[in-house]
Amino acid sequence: MFKDKQESRSSQNGGNQTIIAQGVKVEGDFHSNGDVIIDGEVAGSVETSQSLQIGESARISANVIAKSAVIAGEVRGNISALDRLELTATSTVHGDIQTSLISVAAGAQINGKLTMGKGVARTSEPSVETEESED
Amino acid sequence: MYCYLYDEFIQENKRFERELLEVENRLTDLGIAGKISRLALFRNAEEMIRDEIDRGVETIVVLGNDETIRKVIDVVADSQVVLGIIPFGPNNKLAQLMGIPEGVGACDVLSARRVETIDIGTVNGRRFITGLTIPNFKAEITCDEQFRIFATTRAELEIRNLANLSDPCDGILNTVIRSAVKKGWGIFGRSEMQESTLPMQSLAIRSEKSISVFADGEELEGTRFDIGIEPMAMRVITGKQRMF
């Protein structure tokens, strides 16, 4: 099942899609104009004008800005999803969230302030600094 | 006006005599025969081509393999002449990607003259067409001077310009990192290859120890590699079966 998922991701990888898989770490300000899928580690900031998908195995210590986001892993930092944010049952967020529309599955953990409403995510940038990992 | 550049190994090897004769006859039949220049040990391919371009040649056709193309890539890209290929012998990955059959079949592709303008990659100022690979990747990548990437496990790096799933006309180098990630516990654990893909325009590879980089199959060694792309830098004749 996992293999099929990987294969379908690879075949879709035309255009500007970025995949950061397990076994890879990104440090710094990561900006993209295409869809982004993260299963690895990221420290710094992540910004995309398209959709962002953070997998179960992902470890993010970064402020995140995206048009829409689906989060299944751990994020230490503020999240700003302009259109829509989906937190799955395995997700953990340590930081503030700003979005227009949110979906939270049972089991998801949010440790931070949630600000919602039309245009909220469009007008305000996350203000809190990224928390340092305690590891 | 066409100029045909024969690689040394074709002239020396009797195996290609018959095929070469057939190619020459077919080119004459198609009305695209031209001047023949022959590469030799102490002849500089770039100088030879520059002389031909000064005489009004607009299309350089290489008779040889990927290695022959490597000898002419700089001068072809700088002068904006059209590059054609008639593949001979082994190591013809580039011709294959461009949909050019071996031997006589390539003459018809040349005659149809389907010209595509493609990007060219550069590594430390040296140009490459297909891409470059680092089989044992233990270095650090700085991308577009914004962020750094490194593999946390055993990995290999591939940067693609012209490849099966990579468009050589988009101004982007597809950077693929394949990392081996262990799944499962103890003796039941096994390694699975995970593929990261990042579209980039420039990147820098830095390593503490000297590493080997293979650009279009040619090995380069060093600790610092600056990689970039020259968009729409070369015009090539391609076949219908091209893979991009």
Side-chain angles (χ1 to χ4, degrees), chain A residues 1-65 73 77 130 133 135, chain B residues 134 136-160 162-184 189-206 229 243-244:
Chain A
M1 190 177 157
F2 182 76
K3 203 174 180 182
D4 291 344
K5 199 166 138 191
Q6 283 293 318
E7 276 172 8
S8 70
R9 282 178 179 184
S10 296
S11 62
Q12 287 168 8
N13 192 32
N16 281 335
Q17 192 185 53
T18 299
I19 301 170
I20 298 166
Q22 272 183 283
V24 169
K25 186 171 182 178
V26 175
E27 282 182 1
D29 300 323
F30 179 76
H31 294 259
S32 173
N33 292 319
D35 295 342
V36 178
I37 297 168
I38 303 174
D39 284 320
E41 295 174 59
V42 178
S45 69
V46 178
E47 188 174 342
T48 175
S49 55
Q50 300 299 317
S51 72
L52 171 69
Q53 199 177 314
I54 295 175
E56 257 181 72
S57 59
R59 295 288 174 266
I60 314 289
S61 296
N63 288 332
V64 173
I65 301 173
T130 309
S133 174
D135 305 349
Chain B
I134 302 179
N136 189 12
F137 179 64
K138 287 178 181 169
E140 180 185 289
I141 304 174
T142 306
C143 304
D144 299 329
E145 296 177 355
Q146 289 175 338
F147 55 93
R148 297 184 305 142
I149 300 174
F150 42 91
T152 55
T153 61
R154 180 172 57 83
E156 56 188 42
L157 175 78
E158 188 182 348
I159 296 170
R160 299 170 180 158
L162 170 58
N164 279 355
L165 292 169
S166 184
D167 181 3
C169 313
D170 58 3
I172 282 170
L173 293 168
N174 279 311
T175 306
V176 178
I177 302 169
R178 273 185 289 275
S179 44
V181 176
K182 197 176 179 189
K183 301 274 180 180
R190 59 193 171 91
S191 281
E192 263 184 22
M193 294 307 278
Q194 302 283 312
E195 197 170 280
S196 300
T197 310
L198 298 106
M200 290 175 202
Q201 289 177 321
S202 69
L203 59 146
I205 297 172
R206 300 287 181 264
I229 191 161
M243 295 183 185
F244 60 91

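Letters A, B, ... mirror the listed sequences (proteins, then strands); counts begin at 1. Because the structure is a prediction, the values reported are computed rather than measured.
- Residues F147(B) and D29(A) approach most closely at CD2-O, 3.4 Å, considering heavy atoms.
- Here the side chain of S179(B) pairs a donor or acceptor atom with the backbone of Q22(A) at under 3.5 angstrom.
- Expressed to the nearest 0.5 Å, how far OG of S196(B) lies from CD1 of I38(A) amounts to 10.5 Å.
- Neither the backbone nor the side chain of A155(B) comes within less than 4.5 Å of any heavy atom of chain A.
- At least one donor-acceptor pair closer than 3.5 Å links the side chain of T152(B) to the backbone N or O of G23(A).
- Around CZ of R206(B), the count of heavy atoms belonging to other residues, nucleotides or ligands within 6.0 Å exceeds 12.
- Using a 4.5 Å heavy-atom threshold, the side chains of E27(A) and F150(B) count as touching.
- With values rounded to the nearest 0.5 angstrom, Q17(A) atom CD is found 11.0 Å from L198(B) atom CG.
- Interatomic distance, D39(A) CG to E195(B) CD, rounded to the nearest 0.5 Å: 13.0 Å.
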